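Worksheet for the structure shown next.
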2 protein chains.
Amino acid sequence: MMKNKIPTLKEIAEKLGISISTVSRALNDHQDISEVTKERVKALAADLNYIPNIFAKGFRTHKTNIIGVVVPNITHYFTTTLIRGILEEASLQGYRVIISESNNDVDKQTEMLNTMIQFGVDGVLMSLSKMTRDISSILKIMNTLPLILFDKASNKIPCTQVVINEEEATYNAIEHLINIGKRRIAIIKESEFSYNSEKRFEGYLRALKENNLPIDEKIILSVDDISMIQGKRMTNVLMSLKQKPDAIFAITDSAAIGVIKTLKKLHVKIPEEVAVVGFSNSINSTIIEPMLTTIDQPGQKIGATAVKYLIEEINHPNEIFINKTIEIRSNLIIRNSTFKV
Amino acid sequence: MMKNKIPTLKEIAEKLGISISTVSRALNDHQDISEVTKERVKALAADLNYIPNIFAKGFRTHKTNIIGVVVPNITHYFTTTLIRGILEEASLQGYRVIISESNNDVDKQTEMLNTMIQFGVDGVLMSLSKMTRDISSILKIMNTLPLILFDKASNKIPCTQVVINEEEATYNAIEHLINIGKRRIAIIKESEFSYNSEKRFEGYLRALKENNLPIDEKIILSVDDISMIQGKRMTNVLMSLKQKPDAIFAITDSAAIGVIKTLKKLHVKIPEEVAVVGFSNSINSTIIEPMLTTIDQPGQKIGATAVKYLIEEINHPNEIFINKTIEIRSNLIIRNSTFKV
DNA sequence: AATTACCACGCAAACGTTTGCGGTAACGTT
DNA sequence: AACGTTACCGCAAACGTTTGCGTGGTAATT
């Protein structure tokens, strides 16, 4: 089977006896072209199965219709929902998406960013890697390309950010624990370089303060690499205290699952003796028994919103954008780890 | 801060007082250029932070260094490990990756494929959507572009395929069940249009036959959209049979988890009364209690291998490739759902 | 009838790179 | 001294598209 040659503007022009520029304008619905000509051109184009050469186009216009996405870890379920939202919205708006993973490695993150701009993406969507302290390389990119942060953001970077209401969500979760009678609520969080962790911690503190509960450093635990294992380890620490907590809020579902597993091993009754709350509403949270009370983050919506704002900036390259922070609402999902029916 | 103009070959040429072509050749290590000139050019290029305009290049050479990936569902953990492998290997070889999701929608799948080729990818990596019956559109693409199938493949499409040893893996899993004394082993699978399901079913049948066990259609259950819910439903069906199974093999971890959940609700002892085996070694399989015996699929390796073969074909466009099927070995992970310590 | 206005279209340049071909100088060979 | 060879390098075309500008023609206005 022979490869039929790909049609070009030139071919269409010749077959119709008109010029290349007319064909181009006709296809782009330029006002200078009469309706009849447009019809004829479009008909033939469709007939020949014409597709514009994206490289000639990008070459000429410096527009690629590709957006770059950098995420720390693609295997997290929540991340995939973000990506799904990005993919859908981008596709809707005629954009393609290039994804890369920084593996929570700051150097790799800047490297990824650089190859992306080298590659000619129109804009970048980024979720920051942990421990991103050196912002200079990111700032440098910002005056080359539109950049929007999502999910894992940073106050220090002056750009539009799309996140969830981390602080408020946590506040609500802690308040829920207080409402069911818990008074000594522990938290398992990450170090201070994690955006999400800090925001959630703020919500935790505010909830305690506003309810006149004491803040006890002994039950505020920070770990570097939060995970199920760390959840287990920290639970052992907490439950060997003299004053044990009566609730544990883990900043992550997987850590919370580690908490539950260890509590069960220690024969601690959930939620009567210790209640547990996670964050993310991952699939796992419904598999563990008791099922985990957690905060549902609408990943798809976050991703889609981020794309919308990015394309907005791409289309208005010279405007100065006020660096909005868009907060997407999340929902507390109450399950058996805090509330027994 | 002003955007410093992006350097081009022309600039380098002018500053060095040589021609554009010489600069181009020097950077591409062409043999016609003297070492000294190469040194000078490369030094200045590095100094100016020169990056070739990918569009001019792609425009000229018809090579994009992008590979397209189409997967049915990006939110499955196993899929993300595949993608991680693809991303890593591609990056290593200087390729960028465009991902799109077919959502198990056949029409969307062909649409995705078309926009990919329209977009000028150098090759495509695809994991087939369920129920892909109309192969014609895929075949049409195959003589335009290199295509490699991975994970969800099809014997009917004549191209290189990278899969795991589905049949053998299942055979081993069933044999393990037989070894622990099980004799009436049920299977929960998908309909006959799922590649993975069929392969696994073949392994199931072979294991039973070679061990002289009867094949009973009553405990061979097929569903369209396999999931945890379906696992639950099918378990209820199986456990209300007169002759109940003493083991259930579910073609998917999530279905297997549904099985376990329902068995626990029915107060059936696992694994003494009924053992359970899944497939994939997803994270969930270690969260459910008892932990699930399952088959670990090395997703990253599959992804990386697929990329290697694809780039091989991209670099030798005119060779006829024998349509190899590469089988990556998987491992049976024995846990408490079949074997109690 | 002369001017103006507008519509519809064509010409040609430009984007940055690669590459076939031709050319010059230097050197070695006969 | 004439010729062939080699090593380096430049010229210019080509890839397909967009777009500023120019132009012929027709209709509307004066």
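Just so it is clear, the structure is predicted and the values come from calculations on it, not from any experiment.
Here C:dT17 presents its P atom at 8 Å from CZ of A:F59, a figure rounded to the nearest Å. Distance, A:L27 CG to D:dT19 C1': 15 Å, rounded to whole Å. Atom CZ in B:R25 sits roughly 12 Å away from atom P in D:dC11 (whole-Å rounding). Between the P atom of C:dA8 and the NZ atom of A:K38 lies a distance of 9 Å, rounded to the nearest Å. Per the geometry, CG belonging to B:L9 stands 18 Å off P belonging to D:dA12, to the nearest Å. Look at CD1 on A:I54: it is 11 Å from P on D:dT17, rounded to the nearest Å. With rounding to whole Å, A:N28 atom CG is found 9 Å from D:dT17 atom C1'. Taking atom CD on A:E14 and atom C1' on C:dC9, their separation rounds to 17 Å, with Å as the unit.
Checked against A:T160 for a side chain to side chain donor-acceptor pair (under 3.5 Å), the options A:E313, A:K324, A:E312 give a single hit: A:E313.
Using a 4.0 Å heavy-atom distance criterion, A:S21 is classed as a base contact. Using a 4.0 Å heavy-atom distance criterion, A:N53 is classed as a sugar-phosphate-only contact. Counting any heavy atom pair closer than 4.0 Å across all strands shown, B:S24 reaches a base atom.
Judged by distance alone with a 3.5 Å cut-off, no donor-acceptor contact links the side chain of B:D32 to the base of D:dC8. For A:S34 and C:dC9, a side-chain-to-base donor-acceptor distance below 3.5 Å is absent, hydrogens and geometry of angles not being considered.
Each of C:dG16, D:dT17, C:dA8 was ranked by its minimum atom distance to the side chain of A:T37; first place goes to C:dA8.
Sequence order on DNA chain D of the closest nucleotides to A:Y50 and B:V23 puts B:V23 first from the 5' end. Mapped onto DNA chain D by nearest heavy atom, B:A56 and B:Q31 fall at different nucleotides, with B:Q31 at the one closer to the 5' end.
Between A:D122 and A:R96 there is no salt bridge, since no side-chain N of the basic residue sits under 4.0 Å from a carboxylate O of the acidic one.
With no hydrogens or angles considered, a side-chain donor-acceptor pair links B:N73 and B:T75 at under 3.5 Å.
Distances shown here put a side-chain N or O of B:S19 below 4.0 Å from the OP1 or OP2 atom of D:dG10.
A 4.5 Å side-chain heavy-atom check between A:E11 and A:T8 finds at least one atom pair inside the cut-off. Contact of the A:T80 side chain with the B:Y77 side chain is not registered, since no non-hydrogen atoms from C-beta on lie closer than 4.5 Å.
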